[in-house]
Amino acid sequence: MQLGLKGKSAIVTGGSRGIGKAIAQSLAAEGCRLLVCARGEEALMETVNELRSSGADAHGLTVDITDLGAAKQLADKATELFGGVDVLVASAGGNRRGQFADSTDQDWDDILELNLKAHLRSAREVIPSMKASGSGSIVFISSIFGREAGGAGLSIYNTTKSALISAAKIMAIELGKDGIRVNSVAPGSIRFPGGSWDKRCISDPEGMATFISENIPLGRFGTAEEVADVVTFLSSERASWVSGACITVDGVQSRSLI
Ligand SMILES: NC(=O)c1ccc[n+]([C@@H]2O[C@H](COP(=O)([O-])OP(=O)(O)OC[C@H]3O[C@@H](n4cnc5c(N)ncnc54)[C@H](OP(=O)(O)O)[C@@H]3O)[C@@H](O)[C@H]2O)c1
C-alpha cells in the first residue's frame, strides 16, 4: 500500500521516546519531514539524530507543550522549515494517579493542560496551514481509558483522555469541509525499553505475567511500533474516509463494545 506521505510535513509532540518516537520513526520511514518536540533536549536531539541518520529531514524543538506559547512556536517553526503543516500527531501525555477525594485543583489543571489543552492549542495553530492547503490530518493519542473506566486512582487521566476523544470527534465534524481529518488512537498497555510497563515488568515479572493473562487476550504487551503503524496509516491519504474515529490498538485489552 502506497501511503502517499512522501514529502509531507509532520509535527509529533512528545516524540523523543516511547510511542511518540516510534510515530516519528514510522512517519519518517514513509518520507515525511519531521518536527519533533519534547522538554528534555538530550533525548530529543538523540532521536532527531537517529532520524537524520536514517535519511529523514528531521528537526527538534525543545518546548514544554503546556506553556501557553508552545503550540504557536511549534507551528511557526514547522512553517519556517517546511512551508506548512500536513500532519499533527499529539502524543505527549502523562498521568497523575490518586484517589479522587485527595486530588487538588492543581493536579487537575496540570494534567488537563498536558493531556488535553496543549493538544487543542497545537491543533488550533496548525489548522490555518491545513485549511490553506485544503488537506491535513490531526491524530490525538488518547488511551483505552478514554473509552472506558480505567479504575480507581485514574479519575484525572480517564477524564482527560475521554475529553480528547470527544474533542477530536467534534473537530472532525467542523473541519471536514476544509479537507482536514481528525482522529484519535487509544492504545492499551504498551511496553518499550524504559517505559512505565517495562519498569513494572522488571520489578514484578510474575505480577505482570498475571496481569497479561487476566487482561490482554492476545497474550503480551503491545509495542510502540504497533501504535505508530496505525497512526501513520491514519495520517495518510489512504485513510481518506476515516475521520472522527477513535481506533483502539490494544490486543483486545479494552472491554468497550464501541
Ligand atoms: N505507554 C502506554 O502503555 C500508553 C497507553 C495508553 C496511552 N498512552 C499515551 O501515549 C502517549 C505516549 O505515551 P508514552 O508511554 O510513550 O509516554 P512517555 O514514555 O512518558 O513519553 C512521553 C513523551 O512526551 C514528552 N513530554 C512529556 N511531557 C511533555 C511536555 N509537557 N511538553 C513536551 N513534551 C512532553 C516526553 O519527553 P520529555 O519528558 O523530555 O518532555 C516524551 O517524549 C501519552 O499520551 C500516553 O498517555 C500510553
Side-chain angles (χ1 to χ4, degrees), residues 5 8-28 32-48 50-51 56-82 84-95 110-130 136-143 146 157 160-161 163-165 167-168 171 180-187 190 192 195 224 227-228 230-232 234-235 246 249:
L5 282 167
K8 299 283 185 191
S9 63
I11 293 175
V12 180
T13 74
S16 67
R17 60 171 189 268
I19 292 172
K21 178 176 178 176
I23 292 167
Q25 288 171 325
S26 175
L27 289 170
C32 280
R33 296 173 293 166
L34 280 158
L35 177 61
V36 180
C37 87
R39 292 163 305 176
E41 182 152 24
E42 198 180 328
L44 179 65
M45 288 324 294
E46 216 170 277
T47 295
V48 168
E50 279 175 39
L51 290 166
D57 179 4
H59 305 263
L61 189 67
T62 311
V63 284
D64 182 333
I65 54 155
T66 66
D67 288 345
L68 282 182
K72 179 165 169 26
Q73 248 183 290
L74 265 176
D76 286 352
K77 186 73 186 172
T79 303
E80 175 196 319
L81 288 165
F82 311 129
V85 184
D86 300 304
V87 170
L88 167 68
V89 182
S91 182
N95 188 7
D110 290 348
I111 305 301
L112 275 164
E113 281 295 333
L114 176 61
N115 285 359
L116 178 66
K117 291 177 73 181
H119 301 334
L120 303 183
R121 282 195 293 269
S122 301
R124 218 183 278 127
E125 289 294 340
V126 300
I127 285 169
S129 161
M130 292 179 174
S137 164
I138 296 171
V139 178
F140 291 149
I141 306 302
S142 177
S143 163
Y157 185 77
T160 58
K161 292 296 188 179
L164 205 48
I165 295 170
M171 289 164 62
I180 302 171
R181 295 177 299 103
V182 188
N183 292 290
S184 52
V185 165
I190 307 300
F192 51 84
V227 179
V230 174
V231 173
T232 299
L234 286 174
S235 303
C246 177
V249 186

So do the side chains of [X] and [Y] get within less than 4.5 Å of each other, counting heavy atoms only?
| X | Y | result |
| --- | --- | --- |
| V231 | S26 | no |
| V185 | V89 | no |
| C37 | V63 | yes |

Within the distance-only criterion (no hydrogens, no angle test), does the side chain of S129 pair as donor or acceptor with the backbone N or O of G84 below 3.5 angstrom?
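No; judged by distance alone, with no hydrogens or angles, the pair does not exist.
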Exam field: side chain R124 to backbone A71, donor-acceptor pair closer than 3.5 Å =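 No; zero donor-acceptor contacts below 3.5 Å.
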Any residue meeting salt bridge (Lys or Arg N to Asp or Glu O under 4.0 Å) with [X], in chain and number order, not counting sequence neighbours:
| X | value |
| --- | --- |
| E50 | K21 |
| D110 | R96 |
| D67 | none |

For the [atom1] atom of [X] and the [atom2] atom of [Y], what is their distance to the nearest 0.5 Å?
| X | Y | atom1 | atom2 | answer |
| --- | --- | --- | --- | --- |
| F82 | C32 | CZ | SG | 9.5 Å |
| M130 | I180 | CE | CD1 | 6.5 Å |
| N115 | T66 | CG | OG1 | 11.0 Å |
| L116 | K161 | CG | NZ | 9.5 Å |
| I138 | L234 | CD1 | CG | 12.5 Å |
| L51 | L27 | CG | CG | 10.0 Å |

Heavy atoms only: give me the nearest [X]-[Y] pair and the separation to one decimal.
| X | Y | answer |
| --- | --- | --- |
| C246 | I165 | SG-CD1, 3.7 Å |
| A118 | I65 | CB-O, 3.3 Å |
| S9 | V85 | OG-CA, 3.3 Å |
| S235 | V139 | OG-CG2, 4.1 Å |
| G94 | I111 | O-CG2, 4.0 Å |
| H119 | T13 | CE1-OG1, 4.2 Å |

With sequence neighbours excluded, what pairs up with E113 under the side-chain hydrogen bond (donor to acceptor under 3.5 Å, both in side chains) test?
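Counting only residues at least two positions away or on another chain, E113 forms a side-chain hydrogen bond (donor to acceptor under 3.5 Å, both in side chains) with K117, R121.
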Among pairs that include at least one residue of residues 35-44, which meet side-chain hydrogen bond (donor to acceptor under 3.5 Å, both in side chains), considering only residues two or more places apart or in two chains?
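Residue pairs with at least one partner in residues 35-44: there are none.
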Handout entry: With sequence neighbours excluded, residues passing ring-ring contact (aromatic ring centres under 6.0 Å, His included) with F192
Key =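 Testing F192 for ring-ring contact (aromatic ring centres under 6.0 Å, His included), a comparison that skips the adjacent residues, returns none.
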Only one of L74, V36, L81 forms a side-chain contact (heavy atoms from CB on, under 4.5 Å) with L61, so which one is it?
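Going through L74, V36, L81 one by one, the side-chain contact (heavy atoms from CB on, under 4.5 Å) with L61 is satisfied by L74 alone.
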